[in-house]
Each structure stands twice: as C-alpha cells, then as structure tokens.
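Comments concern the structure below.
Along the sequence shown, the residues carry numbers beginning at 1. No hydrogens, no waters, no symmetry mates; every other heavy atom, side chains included, goes into these values.
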Amino acid sequence: MRYLPILGELFSSDSAVFMLIGLVIATIIGIKMKNTRKNIIGAAICLITYVVCEIISQVVGMNYLVEFIALFVGTTAIGGFIGFLIGLIVSKVRK
C-alpha cells in the first residue's frame, strides 16, 4: 500500500488493536444513539478524520511524532467508521 500508509500499516503490524478499540467504542455509541442521522454524521466524521490523517502522513518532511500520532488516530478512525456503520444497521433493524 504505497499511497495509503495507514492502511498498509494496519495490515502489516499489530496496530489493528487500535482499530478494534475504535470499533468497540463507536459501536457502543452508535447503538446507544438510536438515531440514523447521528450515526451517519458520526461515520462521516470518522471518515474525514481518517482522510486528514492519511494526508498528514503523506507530507514529506513531517516530524515522526506527528506521523506516529496520525497513524494511531487514523487507525482508530477506521474502526470508528466501521463501528458507526454497525450502529446504523442496528438502529435500522430496531425500527
């Protein structure tokens, strides 16, 4: 994954733990909200956060600490996106 370093790191190391943390937290929040619109907004915010982190990690000459933080935040945002989608599905099924 040459152009998407966060996804590449997710599949090549143990940073999937951070994705699982985001997944669990966002799933719990998404199920508790019980509102389709709020789940879509939460998923959109997580997706935007991931895209911003990917852009930050592509900037050449950045500090390694900033790239490291972007890696963890982006990985957690991927899990959050999936979690809010699960919350969306659960809220649709409950109606």
Side-chain angles (χ1 to χ4, degrees):
M1 298 241 164
R2 184 173 154 198
Y3 297 108
L4 300 173
I6 294 176
L7 280 179
E9 184 68 26
L10 178 66
F11 293 122
S12 67
S13 73
D14 58 348
S15 65
V17 172
F18 294 103
M19 186 186 81
L20 291 176
I21 291 170
L23 177 83
V24 169
I25 291 171
T27 302
I28 292 170
I29 291 171
I31 290 173
K32 294 286 184 184
M33 281 196 294
K34 300 179 185 175
N35 189 346
T36 304
R37 184 171 181 258
K38 289 181 182 178
N39 280 323
I40 292 173
I41 291 171
I45 289 171
C46 287
L47 186 63
I48 290 169
T49 303
Y50 165 70
V51 169
V52 168
C53 288
E54 281 287 357
I55 291 170
I56 288 173
S57 66
Q58 291 289 330
V59 175
V60 178
M62 273 295 229
N63 188 358
Y64 287 118
L65 180 63
V66 174
E67 290 182 12
F68 198 64
I69 292 171
L71 171 72
F72 289 124
V73 171
T75 305
T76 307
I78 292 170
F81 176 73
I82 296 168
F84 278 115
L85 290 181
I86 292 171
L88 177 69
I89 292 169
V90 169
S91 69
K92 284 291 192 182
V93 169
R94 284 188 178 176
K95 286 185 179 182

- I45 with I56, same ILVMFWY side-chain cluster at under 4.5 Å: no

- Task: Calculate, to the nearest 0.5 Å, the distance between atoms CD and CD belonging to Q58 and E67 respectively.
- Result: 9.0 Å

- Query: If you round to the nearest 0.5 Å, how far is CD1 of I25 from CZ of F84?
  - Reply: 10.0 Å

- Message: Same cluster or not: I82 versus M33, using hydrophobic residues (I, L, V, M, F, W, Y) connected whenever any side-chain heavy atoms lie under 4.5 Å apart?
- Response: no

Using atom types as modelled, flag every donor-acceptor pair under 3.5 Å from a side chain in residues 35-44 to any protein atom, sequence neighbours excluded.
| unit_1 | atom_1 | unit_2 | atom_2 | d |
| --- | --- | --- | --- | --- |
| N35 | OD1 | R37 | N | 3.2 |
| N39 | ND2 | G30 | O | 3.4 |
| N39 | ND2 | N35 | O | 3.3 |
| N39 | ND2 | G87 | O | 3.3 |

- Rounded to the nearest 0.5 angstrom, the OG1-CD1 distance for T27 and I89 is 10.0 Å

- Query: Quick one: are L23 and I86 in side-chain contact, heavy atoms under 4.5 Å?
  - Reply: yes

- Item | Co-membership, hydrophobic cluster, residues V24 and F72, 4.5 Å side-chain | no

- Roughly how far, to the nearest 0.5 Å, is OH of Y50 from CD1 of I78? 4.5 Å

- Measure across G79 and A26 and return the closest heavy-atom pair with its distance rounded to 0.1 Å. O-CB, 4.5 Å

- Do I28 and F81 belong together in a cluster built from hydrophobic side chains that touch within less than 4.5 Å? no

- Message: Show the nearest heavy-atom pair for residues G74 and C53, with the distance to one decimal.
- Response: N-SG, 3.6 Å

- Task: Check the hydrophobic clustering (I, L, V, M, F, W, Y; side-chain heavy atoms under 4.5 Å; chains of links allowed) and say if I29 and F18 are grouped together.
- Result: yes

